[in-house]
Trainee: 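Starting off with a structure, shown below.
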Amino acid sequence: MKTAVLGFGTVGVGVYEMLAKARGLEPGPVLVRPGKEDAPYKVSSMEAIVNDPSVEAVAEVMGGIEPAYTYACAALKAGKHFVTSNKALVAAKGVELNRLAREKGAAFLFSAACGGGVPFLHNLALARESDSILSLGGILNGTTNYMLDAMQRLGLDYAEALADAQRLGYAEADPTADVSGLDALRKIMLACAVAYDLLPTEGLLHEGIDSITAADVRHFQPRGYSCRLLASGGRTESGVYAYVEPVLLREGAPACSVLQNYNMARYEGRNSGPIVLMGQGAGRYPTASAVLRDLSGILRGERYLFSTGCAAGKADNSGSVHCYYVRLPADLAGELEAESTELAGPVARLVTKPMSVSAMHETARRLRARGAALFFAAIGG
Ligand code: HSE
């Protein structure tokens, strides 16, 4: 199956190389920016790809919503299978693309968009057919896991850790989505859509690691805690929840053994119990391997991860409750109901009484609007 590749960055190069070696697949034209056509297989016109009858599938690894969405529609309308690693695209336009692909009888697969090389969505899609998925989530961003690991194990400061993650090709071109938790949020949105037929697009909450400092690490590490950025999703009687936030875990908790750019994705089926999948969540070849798995899947007849009825909807995060570690200016410590508070000059570090995820995120938003520098993390097991 000749496959055109849209984008020739970190992942695109990997996909192109792997296509040349994979059974049943062959590399087609590669779409690059005008002026970058420095080899015969590189083209700068999407029309040339859409109108090439020998191209049966398109693999999009450019990132961003536009022009990726326009290209996705063009490829699907021309009846070509469409595979993408682009979580921003699927989180924003996945419902429409699923509908269009089904109308045209073309595949729409995006395993690489959640978990990098970890075959999470694929297994979730299989599991939902025969089991009821109670909850899902885990460590879904390689950049922030790499950074937290480097800060905690190697003593790097935030800027050094981010620079390393960028140099290693884990971060997005603009790493804001990684460090703010938005990248992980998009991934949990996709996982919820696969598991529950509902792509949550409203009521979502995300807190990243962009407020953590080396001083925070020096505070919680000697107390036996390690920080991970966790995505959480699930379905309760009141609906689907989906949020991302840093969590302090007791050293020895399974997620603490997830190092570097690794992801740890999990789901719990009513019958299967907890299932955990671990592997590299970012980087050229791990991510490209997931794109190639989707393309090989098409050869075996796989077509969709979202079901026919998958629709956008609202998340409800008011039912999830945690105690939180919060570092904030000492004069604002009274804004939260605390189990315990430690004061160190102008800084307070407290542990809150149990509060809902939505209440914690709303409090942080309100205090930051008043100019407060604040870091918070749920206290996990
Ligand atoms: N920037 C993403 C991450 C790439 O760090 O997880 C893989 O989706």
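Atoms within each ligand, like the ligands themselves, are counted from 1 in listed order.
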Trainee: Quick one: do the Ser135 and Arg266 side chains pair a donor with an acceptor below 3.5 Å?
Mentor: yes

Trainee: What do you reckon, are the aromatic ring centroids of Tyr225 and Tyr325 less than 6.0 Å apart?
Mentor: no

Trainee: What protein heavy atom sits nearest atom 5 (O) of ligand 1, and how far away is it?
Mentor: Thr143 OG1, 2.6 Å

Trainee: Below the 3.5 angstrom mark, is there an N/O of Gly142, backbone or side chain, next to an N/O of ligand 1?
Mentor: yes

Trainee: Could you tell me whether the side chain of Arg235 and the main chain of Ile133 form a donor-acceptor pair under 3.5 Å?
Mentor: no

Trainee: Using a strict cut-off of 4.0 Å, indicate which atoms of ligand 1 neighbour a heavy atom of Tyr170.
Mentor: 1 (N), 2 (C), 3 (C), 4 (C), 5 (O)

Trainee: For atom 8 (O) of ligand 1, what's the nearest protein heavy-atom neighbour? Residue, atom name and distance, please.
Mentor: Lys87 NZ, 2.6 Å

Trainee: Strictly by modelled atom types, are Ser358 and Glu362 linked by a side-chain donor-acceptor pair under 3.5 Å?
Mentor: no

Trainee: Would you kindly specify which portion of Asn141 sits under 4.0 Å from ligand 1, judged on non-hydrogen atoms: side chain, backbone, both or neither?
Mentor: both

Trainee: Considering both backbone and side-chain atoms of Lys187, is one of its nitrogen or oxygen atoms within less than 3.5 Å of a nitrogen or oxygen in ligand 1?
Mentor: yes

Trainee: Using a strict 4.0 Å cut-off to heavy atoms of Asp178, name the atoms of ligand 1 that fall inside it.
Mentor: 1 (N), 2 (C), 3 (C), 5 (O)

Trainee: Using a strict 4.0 Å cut-off to heavy atoms of Ala282, name the atoms of ligand 1 that fall inside it.
Mentor: 3 (C), 4 (C), 5 (O), 6 (O), 7 (C)

Trainee: Who's the nearest protein heavy-atom neighbour of atom 7 (C) of ligand 1, and how far?
Mentor: Gly281 O, 3.2 Å

Trainee: Whether the Gln280 and Tyr285 side chains hold a donor-acceptor pair (N or O, under 3.5 Å, no angle test) is what I'd like checked.
Mentor: no

Trainee: Side chains of Tyr324 and Glu245 only: does a donor on one sit below 3.5 Å from an acceptor on the other?
Mentor: yes

Trainee: Any idea which protein heavy atom is nearest atom 2 (C) of ligand 1, and the distance to it?
Mentor: Glu172 OE2, 3.2 Å

Trainee: Is a donor from one side chain sitting under 3.5 angstrom from an acceptor on the other, for Gln260 and Asp149?
Mentor: no

